Amino acid sequence: MARIVDVKAFLSLYPFEFNRDDKPLILHITDEFCSWNSGIYILSKSTDDNIDNEVKFFGDNTSNSGSGATCSHSPKKGIHLTVQHLTAILFCTQTPQTFVEEEFIQGDQQSIKVLESALPTLKPFIYDFY
């Protein structure tokens, strides 16, 4: 079991493998427990060679996130998912396509493909001994 407590910080450190020609990926994240995570995240390949990826955050206008701007009209593009589903995807325990098929996340097929291609090939491993 895993939990992302600060989505923006996690996304900025995650080793996405975006292509230069990929359009920005828009994620609409909801988090019922940590309201500061709820909002829209726009991920893209950075133009700065010292920074791998750019993360822009637009907070949910129903919460006082304290950081980022608010977005009163959220864009229809992108992927809508909870922080729990985002965690499972980024920890490579489930694929975005599996969650689409099970109707846990919604999004246009192009955004799903961009997310799947940007994920590093990692094998999940949990230490279950001490």
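Just so it is clear, the values below take in all heavy atoms, side chains as well, and ignore hydrogens, waters and symmetry mates. Here the structure is a predicted model, which is why all the values come from computation and not from measurement.
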Original post:
Can you check side chain to side chain contact (heavy atoms under 4.5 Å, CB included) on Leu86 and Ile29, steps first, answer last?
Top reply: CA-CA 8 Å; Leu86 177 71; Ile29 307 292; 3.8 Å; yes
Subject >> Worked check of side chain to side chain contact (heavy atoms under 4.5 Å, CB included) between Leu43 and Asn53 >> reply: CA-CA 7 Å; Leu43 312 173; Asn53 302 304; over 6 Å; no
Original post:
Taking it one step at a time, do Leu25 and Phe18 satisfy side chain to side chain contact (heavy atoms under 4.5 Å, CB included)?
Top reply: CA-CA 9 Å; Leu25 179 62; Phe18 289 114; 4.3 Å; yes
**OP:** Might you work through the side chain to side chain contact (heavy atoms under 4.5 Å, CB included) test for Leu90 and Leu119, ending with a clear yes or no?
**Re:** CA-CA 7 Å; Leu90 297 182; Leu119 294 173; 3.7 Å; yes
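The salt bridge (Lys or Arg N to Asp or Glu O under 4.0 Å) contacts involving residues 78-88 comprise nothing, where partners must be two or more places apart or lie in separate chains. Within the structure, every pair that satisfies the salt bridge (Lys or Arg N to Asp or Glu O under 4.0 Å) test and touches residues 26-38, not counting sequence neighbours, is listed here: Arg3-Asp31. Every pair tested for salt bridge (Lys or Arg N to Asp or Glu O under 4.0 Å) that includes a residue from residues 90-100 fails, sequence neighbours excluded, so the list is empty. Sorted pairs that involve residues 82-93 and meet salt bridge (Lys or Arg N to Asp or Glu O under 4.0 Å), not counting sequence neighbours, are lacking altogether.
Residues satisfying the side chain to side chain contact (heavy atoms under 4.5 Å, CB included) test with Ala2, not counting sequence neighbours, are Thr87, Phe91. For Tyr14, the ring-ring contact (aromatic ring centres under 6.0 Å, His included) partners two or more places apart in sequence, or in a different chain, are Phe10, Phe16. Not counting sequence neighbours, the partners of Asp108 by the side-chain hydrogen bond (donor to acceptor under 3.5 Å, both in side chains) test are Ser111. Contacts of Gln84 classified as side chain to side chain contact (heavy atoms under 4.5 Å, CB included), with partners at least two apart in sequence or in another chain: Thr82. Evaluation of the side chain to side chain contact (heavy atoms under 4.5 Å, CB included) rule for Lys56 yields Ile42, Glu54, Phe58 as partners, not counting sequence neighbours. For the side-chain hydrogen bond (donor to acceptor under 3.5 Å, both in side chains) test, residues two or more places apart in sequence or in another chain that qualify with Gln97 are Gln109. For Thr98, the side-chain hydrogen bond (donor to acceptor under 3.5 Å, both in side chains) test picks out Thr95, with sequence neighbours left out. Judged as a salt bridge (Lys or Arg N to Asp or Glu O under 4.0 Å), and not counting sequence neighbours, Asp22 has no contacts.
Counting only distance, with no hydrogens or angles, the side chain of Trp36 and the backbone of Val5 share a donor-acceptor pair below 3.5 Å.
Separating the OH atom in Tyr41 from the NZ atom in Lys8 is a distance of 8.5 Å, to the nearest 0.5 Å. Put simply, CD1 on Ile112 and CD on Gln110 are 10.5 Å apart, with the number rounded to the nearest 0.5 Å. Distance NE2/His85 to CZ/Phe99: 5.0 Å, rounded to 0.5 Å. In this structure, CG on Leu27 lies 9.0 Å from CD1 on Ile105, to the nearest 0.5 angstrom.
Side-chain contact between Leu81 and Ile89 is present, with heavy atoms from C-beta onward closer than 4.5 Å.
In this pair, His80 and His28 present their aromatic rings parallel. The plane angle is below 30°, not in the 30 to 60° band.
In this structure, Glu101 places its CD atom where more than 12 heavy-atom neighbours from other residues, nucleotides or ligands lie under 6.0 Å away.
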